[in-house]
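Side-chain atoms are counted along with the backbone in the values below, which use heavy atoms only and exclude waters and symmetry mates. Predicted model, so just to flag it, every value in this text is computed and none were measured. Read the numbers this way: they start at 1 and go in the same order the structure lists the ligands and their atoms.
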Amino acid sequence: MKMRFNTEDAFAQRIEHSIQENVSLATYNTFRFDYSAEYFAIAESIDSLKVLLAWAKHFQKRVTMIGGGSNLLISADVSGLVIINRLSGINAREHAGNLVSLTVAAGEDWHKIVEYAVAQRWYGIENLALIPGTTGAAPVQNIGAYGVEIKDVLARVQVINRNTGDVYWINGRDCGFAYRDSYFKGQWNDLLLITSVELSLKKQSELLLSYGGLSERIEGKPNIQAVFDTVCRVRSEKLPDPAVLANSGSFFKNPIVSKIQHDELKECFPNLVSFPFEGGFKLAAGWLIDQAGWKGKQYQGVGVYEKQALVLVNHSETKATTLLELEAQIKQSVFDKYGVHLEREPVQLPLGMEILK
Ligand SMILES: Cc1cc2nc3c(=O)[nH]c(=O)nc-3n(C[C@H](O)[C@H](O)[C@H](O)COP(=O)(O)OP(=O)(O)OC[C@H]3O[C@@H](n4cnc5c(N)ncnc54)[C@H](O)[C@@H]3O)c2cc1C
């Protein structure tokens with residue numbers, strides 16, 4: 001039976017009526033695991049989001065927001081209310097100098113925003129092309145590729161407080177951004193949802209070509225469009241398209257180790273792929289997994305992608321059990337070989353299941 005909270009407001013009634021029960025999330029996560037949401041709704045505006053949050057508060061239901069579901073590992077039914085973010089709209093303000101402020105609603109497709117900025121010749125996010133998902137989820141793990149992270153261009157983030165429904169802006173520098181991390185993934189996880197982001201882009205800027213072999217791969221004269229095209233081409237060659245083969249991109253973060261541990265490893269494994277990072281070193285997790293013999297391996301209906309060992313793929317499973325088993329085997333073998341712990345990148349749902357990490 002549908003739960004209703006007492007409201008005379010016609011808009012609130014309509015939003016409340018749109019809440020469905022026991023809905024499969026299989027098409028709302030790129031691993032395509034088939035678990036259900038106890039309650040399910042799609043938010044298309046901040047006002048509808050406010051009504052949904054008030055409903056959840058009234059009935060003491062936990063709220064989980066999903067954007068594109070491309071950084072999720074759903075491994076059980078999700079109790080409470082799952083809200084799919086479809087807030088839309090973009091607004092650009094060109095300032096007198098070199099700056100453009102691009103404000104984007106959280107439900108907009110990230111890659112389309114990159115495409116749009118590149119078409120206007122606004123610099124700053126061209127290296128972040130073809131990353132799936134919504135713009136609102138991009139700051140959650142501080143998306144990054146080819147030497148750029150969203151924190152580099154993020155002026156501020158508009159949020160809604162889950163408890164009070166208040167909407168306000170937070171400066172990018174106050175969001176606790178780090179490598180694939182932010183306060184939205186941690187201490188703000190139960191408090192704030194992102195409703196909009198404001199990017200600071202530039203009308204003139206240097207291109208960043210020094211990462212991932214971009215400068216060698218670029219065809220013709222390097223300009224913003226050529227960078228975008230090259231990033232799209234290289235990514236399409238080495239990463240599986242989730243619409244064709246279910247996956248959530250990199251399944252593990254690149255581990256960060258001390259200089260001492262790095263030097264010891266380098267002595268045993270002279271070909272170790274690593275980069276200096278904040279006083280220590282970042283190791284290429286894909287290399288560690290590949291060298292441990294996992295690339296292209298299949299385990300029941302899941303496996304390790306044949307062209308990139310960092311990516312786990314789902315060929316045919318409807319539940320996450322075998323993927324979790326494969327993950328545990330990879331972690332163990334990498335630890336046995338290198339003494340390095342791998343950490344998972346995608347967020348496990350329902351929240352609170354991190355014990356299975
Ligand atoms: C093929 C492929 C390639 C990828 N490549 C990269 C890459 O190069 N770099 C990179 O960094 N990532 C990469 N990813 C991961 C993923 O695309 C990004 O993390 C993306 O930002 C996730 O967006 P989403 O809308 O799908 O988020 P979802 O998977 O829906 O959600 C991810 C997390 O964010 C939370 N969340 C979602 N929306 C909001 C919101 N509005 N407010 C608060 N919390 C929210 C969710 O609750 C969840 O905890 C890749 C994934 C795939 C499948």
Side-chain angles (χ1 to χ4, degrees), residues 25 28-32 37 43 46 49 53 62-74 78 80-87 104-111 113-114 125 127-151 157-162 170 175 177 179-186 188-197 211-212 231-232 234-236 238-254 286 305 307-308 310-314 344-354:
L25 294 173
Y28 293 96
N29 72 102
T30 57
F31 263 130
R32 284 187 234 137
I46 290 188
L49 191 52
L53 292 176
R62 182 170 198 160
V63 169
T64 304
M65 176 159 273
I66 293 182
S70 64
N71 205 30
L72 292 183
L73 172 58
I74 309 182
V78 183
L81 175 63
V82 170
I83 301 178
I84 306 296
N85 188 336
R86 292 292 176 264
L87 304 191
V104 185
E108 292 283 353
D109 180 80
W110 171 255
H111 175 67
I113 298 305
V114 178
I125 52 177
N127 292 31
L128 300 178
L130 219 59
I131 298 181
T134 54
T135 303
V140 174
Q141 76 149 0
N142 181 27
I143 58 165
Y146 296 101
V148 175
E149 293 180 322
I150 194 171
K151 76 166 172 50
V157 179
Q158 190 194 53
V159 295
I160 184 164
N161 182 304
R162 292 164 180 257
I170 300 175
C175 295
F177 289 123
Y179 167 59
R180 298 295 183 274
D181 206 10
S182 75
Y183 292 156
F184 296 103
K185 230 178 165 178
W188 291 345
N189 182 268
D190 265 337
L191 189 67
L192 303 177
L193 295 172
I194 297 171
T195 49
S196 189
V197 308
Y211 289 77
V231 169
C232 291
V234 173
R235 289 183 66 101
S236 313
K238 74 171 194 197
L239 293 171
D241 176 355
V244 179
L245 179 56
N247 77 92
S248 73
S250 304
F251 195 84
F252 299 101
K253 295 186 187 180
N254 290 323
Y305 190 51
K307 294 187 202 160
Q308 169 53 275
L310 203 48
V311 177
L312 302 191
V313 295
N314 175 23
R344 182 193 294 151
E345 188 182 298
V347 177
Q348 188 164 4
L349 292 184
L351 290 170
M353 304 243 341
E354 290 81 1

If you round to the nearest 0.5 Å, how far is CZ of Phe184 from CG of Leu192? 6.0 Å

Does any non-hydrogen side-chain atom of Ser182 lie less than 4.5 Å from one of Trp188? no

Can you sort out which atoms of ligand 1 are near Gly133, meaning under 4.0 Å from one of its heavy atoms? 23 (O), 24 (P), 25 (O), 26 (O)

Spacing of OH belonging to Tyr179 relative to CD belonging to Glu345, to within rounding of 0.5 Å: 6.5 Å

Indicate yes or no: does an N/O atom of Met65 lie under 3.5 Å from an N/O atom of ligand 1? yes

With nothing but distance in play, are any N or O atoms of Asn247 less than 3.5 Å from an N or O of ligand 1? no

The side-chain hydrogen bond (donor to acceptor under 3.5 Å, both in side chains) partners of Glu108 (sequence neighbours excluded) come to none

Residue part near ligand 1, for Gln141, under 4.0 Å between non-hydrogen atoms: side chain

At a 4.0 Å cut-off, with the gap strictly under it, does some heavy atom of Thr64 reach an atom of ligand 1? no

Gly69 N/O under 3.5 Å from ligand 1 N/O: yes

Answer yes or no: does an N/O atom from Gly68 fall short of 3.5 Å to an N/O atom of ligand 1? yes

Report, in ascending order of atom number, the atoms of ligand 1 lying under 4.0 Å from any heavy atom of Asn85. 41 (N)

Could you state the interatomic distance from CG (Asn71) to CD1 (Ile143), rounded to the nearest 0.5 Å? 10.0 Å

Is any N or O atom of Thr30, backbone or side chain, closer than 3.5 Å to an N or O atom of ligand 1? no

Is it the side chain (CB and beyond), the backbone, both or neither of Pro346 that lies under 4.0 Å from ligand 1, heavy atoms counted? neither

For Ile194 and ligand 1, does the shortest N/O to N/O distance drop below 3.5 Å? yes

Please tabulate, for side-chain N and O atoms in residues 240-247, each donor-acceptor pair with protein atoms closer than 3.5 Å (sequence neighbours left out).
from   : atom 1 : to     : atom 2 : distance (Å)
Asp241 : OD1    : Ala243 : N      : 2.9
Asn247 : OD1    : Gly249 : N      : 2.7
Asn247 : ND2    : Pro240 : O      : 3.2
Asn247 : ND2    : Leu245 : O      : 3.0

Side chain to side chain contact (heavy atoms under 4.5 Å, CB included), that's the test. Do Phe251 and Leu73 meet it? Break it down for me. CA-CA 10 Å; Phe251 195 84; Leu73 172 58; 4.0 Å; yes

Pairs of nitrogen or oxygen atoms closer than 3.5 Å, one from Pro132 and one from ligand 1: do any exist? yes

Given that the side chain starts at C-beta and the backbone is N, CA, C, O, which of these parts of Val347 lies under 4.0 Å from ligand 1, counting heavy atoms, or is it both or neither? side chain

Under 3.5 Å between any N/O of Ile143 and any N/O of ligand 1: does that happen in this structure? no

Checking the N or O distance criterion of under 3.5 Å, is ligand 1 in contact with Ser248? no

Does some non-hydrogen atom of Ser250 fall short of 4.0 Å from ligand 1? no

Does Glu149 come within less than 4.0 Å of ligand 1, judged by its heavy atoms? no

Checking side chain to side chain contact (heavy atoms under 4.5 Å, CB included) between Val82 and each of Ile74, Leu25, Val63, Leu349, which is the one that passes? Leu25

So is Arg235 close enough to ligand 1, meaning a heavy atom under 4.0 angstrom away? yes

